[in-house]
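The structure under discussion appears below in the form of structure tokens.
Just so it is clear, the model here is predicted, and its values are computed rather than measured.
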Amino acid sequence: MFNIKLNPKDGENGKVVYNAGIVHNIVALAIAEVEGALLVQGKRNGISLYLEKDGIYADVSVVVKQGYNVPELAYRIQQSVKQSVENMTKYKVAEVDVHVRDVVFDQVVPAEKEEEEEPATETQEN
């Protein structure tokens, strides 16, 4: 696990250190906000983070729900992760790679056979 240090600018004293677990949770929340995407369940919930000099590199593995455009969904995930991490930590995101592992189909429930109803007869009273 790594710590991400953010050195302040403009003559401010001190520094801010982000634990990788915090950034991991921010990425998980950002993906959860994207409708149609689910994180792959596993050891690290499908998220791998790498710290380089030019910023954070994120690899995320997701499952897509049926009926969503995969390239558009991947783009929305990238934008959500980048925006969330940069806004919450003020740290630069260099790259977000999205790996679509599967497509989840809604469970099809067979239509219930409608019971044939006998037509109702109207009785007229005089």
Side-chain angles (χ1 to χ4, degrees):
M1 186 170 294
F2 61 87
N3 291 325
I4 301 170
K5 296 179 182 177
L6 180 65
N7 293 322
K9 296 178 182 174
D10 302 328
E12 295 177 17
N13 295 327
K15 63 182 175 182
V16 177
V17 179
Y18 296 98
N19 184 298
I22 293 170
V23 178
H24 180 275
N25 290 339
I26 292 170
V27 171
L29 287 171
I31 294 169
E33 289 177 356
V34 178
E35 185 179 340
L38 303 168
L39 275 170
V40 170
Q41 297 301 312
K43 186 175 182 178
R44 294 288 292 164
N45 289 333
I47 299 172
S48 296
L49 301 173
Y50 306 97
L51 177 63
E52 299 293 334
K53 289 183 180 181
D54 57 341
I56 296 175
Y57 287 79
D59 281 335
V60 296
S61 296
V62 297
V63 174
V64 175
K65 292 181 181 178
Q66 173 189 5
Y68 288 88
N69 182 308
V70 174
E72 180 183 315
L73 191 66
Y75 177 76
R76 290 193 351 239
I77 291 169
Q78 289 172 325
Q79 294 305 307
S80 180
V81 168
K82 181 175 174 54
Q83 184 179 28
S84 294
V85 171
E86 289 180 353
N87 287 342
M88 291 183 186
T89 66
K90 303 294 185 197
Y91 204 78
K92 184 178 182 327
V93 174
E95 188 174 293
V96 178
D97 293 327
V98 178
H99 305 275
V100 177
R101 298 289 182 206
D102 200 1
V103 175
V104 177
F105 296 94
D106 293 331
Q107 188 171 358
V108 179
V109 179
E112 294 180 23
K113 293 182 180 178
E114 294 181 21
E115 295 180 20
E116 293 181 19
E117 296 180 20
E118 295 179 21
T121 56
E122 294 181 21
T123 57
Q124 293 182 356
E125 293 181 24
N126 293 11

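At least one side-chain heavy atom of Lys65 sits less than 4.5 Å from a side-chain heavy atom of Leu38. Leu51 places a side-chain heavy atom less than 4.5 Å from the side chain of Tyr91. Val62 has its side chain within reach of Val100: a pair of non-hydrogen atoms, C-beta onward, lies under 4.5 Å apart.
Asp54 and Ala94 make their closest contact through O-CB, 3.8 Å (heavy atoms, listed as atom of the first residue, atom of the second, distance). The heavy-atom pair separating Ala74 from Val98 by the smallest distance is O-CG2, 3.8 Å. The minimum heavy-atom distance between Ser80 and Ala30, with the atom names listed, is OG-O, 2.8 Å.
Under a 3.5 Å cut-off, the side chain of Gln78 and the backbone N or O of Val96 do form a donor-acceptor pair.
With values rounded to the nearest 0.5 angstrom, Ser84 atom OG is found 12.5 Å from Asn25 atom CG. Here the straight-line distance linking atom NE2 of His24 with atom OG of Ser48 works out to 8.0 Å at 0.5 Å rounding. Separating the CD1 atom in Ile56 from the CG atom in Leu49 is a distance of 6.5 Å, to the nearest 0.5 Å.
Each of Val27, Val93, Ile77 was compared with Lys82 under the side chain to side chain contact (heavy atoms under 4.5 Å, CB included) criterion, and only Val93 meets it.
Val70 and Val60 fall within the same hydrophobic cluster, where Ile, Leu, Val, Met, Phe, Trp and Tyr residues are linked whenever their side-chain heavy atoms come under 4.5 Å apart, directly or through other members.
Heavy atoms of other residues, nucleotides or ligands lying less than 6.0 angstrom from CD of Glu35 number 12 at most.
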